[in-house]
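No hydrogens, no waters, no symmetry mates; every other heavy atom, side chains included, goes into these values. Note that the structure is predicted; figures quoted are calculated from it, not measured.
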Amino acid sequence: MGGRSLTNRILSYVEAHLEQELTLERLAEELHYSRFYMERVFKADTGMTLCKYIQGRRLDAAARKLAETAQPVVEIAFEAGYGSQQAFTRAFHREYGHTPWEYRKIGIYFSRCGRISLCRGRKSASVFIVPERSRIAA
């Protein structure tokens, strides 16, 4: 199986299991590959580490919930895989430039880590990140 095919399987699995506990070991077990091989192939195909992609997608889902729901920040933090609200706030601020409460007050969702889509060319793959936006009507 080629690298791009594996990367597409990884991307599909991550999207389908984003709200579950998702470790590299579990991913490797489910896809029947060494975690080291998967990490190497994913980085070669996308230019980013698998851990960074998972973290980005979880923060992206959290940003959507902050902008579009009234769900408590602490619940969103735990759903995003953070052990504390403080750790979530630091990571969110680092990625989005706002605390979760500031982001919620603004009320506009903007994707910082959209889904990756690999386009196959004759000799190489191109990576496209599909950003999303939404605004809640006041």
Side-chain angles (χ1 to χ4, degrees):
M1 177 175 289
R4 282 183 236 139
S5 179
L6 174 57
T7 299
N8 280 323
R9 287 182 62 204
I10 293 169
L11 291 169
S12 295
Y13 189 88
V14 168
E15 291 304 321
H17 299 88
L18 201 54
E19 293 195 11
Q20 298 173 6
E21 184 177 343
L22 192 56
T23 63
L24 294 178
E25 289 76 18
R26 181 174 177 193
L27 238 167
E29 185 178 309
E30 291 291 325
L31 298 178
H32 307 290
Y33 283 93
S34 150
R35 81 172 253 196
F36 303 106
Y37 177 71
M38 285 187 342
E39 288 178 298
R40 192 169 51 250
V41 168
F42 190 87
K43 172 93 176 180
D45 284 348
T46 66
M48 71 173 55
T49 67
L50 185 50
C51 285
K52 188 71 176 166
Y53 179 71
I54 292 169
Q55 179 186 34
R57 292 298 295 139
R58 285 184 169 164
L59 284 174
D60 193 62
R64 180 181 289 280
K65 290 175 187 175
L66 286 167
E68 297 178 354
T69 73
Q71 185 177 2
V73 173
V74 69
E75 284 182 19
I76 293 172
F78 291 133
E79 288 176 3
Y82 289 87
S84 72
Q85 186 172 329
Q86 293 81 10
F88 171 69
T89 298
R90 281 192 303 273
F92 192 88
H93 187 269
R94 194 170 35 251
E95 187 68 30
Y96 284 85
H98 297 283
T99 67
W101 297 274
E102 292 168 341
Y103 192 86
R104 174 168 272 165
K105 188 175 180 182
I106 294 167
I108 300 172
Y109 164 72
F110 183 79
S111 176
R112 299 276 298 162
C113 183
R115 292 180 181 175
I116 290 178
S117 177
L118 295 180
C119 278
R120 294 183 183 180
R122 290 184 62 120
K123 296 187 180 186
S124 65
S126 298
V127 175
F128 293 95
I129 297 178
V130 184
E132 300 175 44
R133 287 186 182 200
S134 72
R135 182 181 185 109
I136 303 303

Donor-acceptor contact present, side-chain Arg58 to main-chain Leu18, <3.5 Å: yes
Residue pair Tyr53 / Thr46, side-chain heavy-atom distance below 4.5 Å: no
CD on Glu25 to CE on Met38, rounded to 0.5 Å: 9.0 Å
Candidate list Ile10, Thr49, Leu24, test side chain to side chain contact (heavy atoms under 4.5 Å, CB included), partner Glu39, passing option: Leu24
Exceeds 12 heavy-atom contacts within 6.0 angstrom, atom CD of Gln71: yes
Selection residues 70-94 - residue pairs positive for salt bridge (Lys or Arg N to Asp or Glu O under 4.0 Å), sequence neighbours left out: Lys65-Glu79
From CA spacing to verdict: side chain to side chain contact (heavy atoms under 4.5 Å, CB included), Glu95, Gln55: CA-CA 10 Å; Glu95 187 68 30; Gln55 179 186 34; over 6 Å; no
Identified side chain to side chain contact (heavy atoms under 4.5 Å, CB included) counterpart of Tyr82 within the set Leu59, Val74, Thr89, Ile76: Leu59
Short side-chain to backbone donor-acceptor contact, Arg35 and Leu27, under 3.5 Å: no
Parallel, tilted or perpendicular: rings of Tyr96 and Tyr103 (30°, 60°): perpendicular
Minimal non-hydrogen separation, Ala77 against Gln85, with atom names: CB-CA, 4.2 Å
Interatomic distance, Arg57 atom CZ to Leu11 atom CG [nearest 0.5 angstrom]: 9.5 Å
Phe92 and Phe88 aromatic ring geometry - parallel, tilted or perpendicular at 30°/60° bounds: tilted
Tyr37-Leu22 co-clustered via ILVMFWY side chain contacts under 4.5 Å: yes
Note, Tyr109 side chain near Asp60 side chain (heavy atom, < 4.5 Å): yes
Check: Tyr13 main-chain N/O paired with His17 side-chain donor or acceptor under 3.5 Å: yes
Spacing of Leu66 atom CG and Lys105 atom NZ [to the nearest 0.5 Å]: 15.0 Å
For the student: nearest non-hydrogen atoms of Arg104 and Ala70, plus distance: NH2-C, 3.8 Å
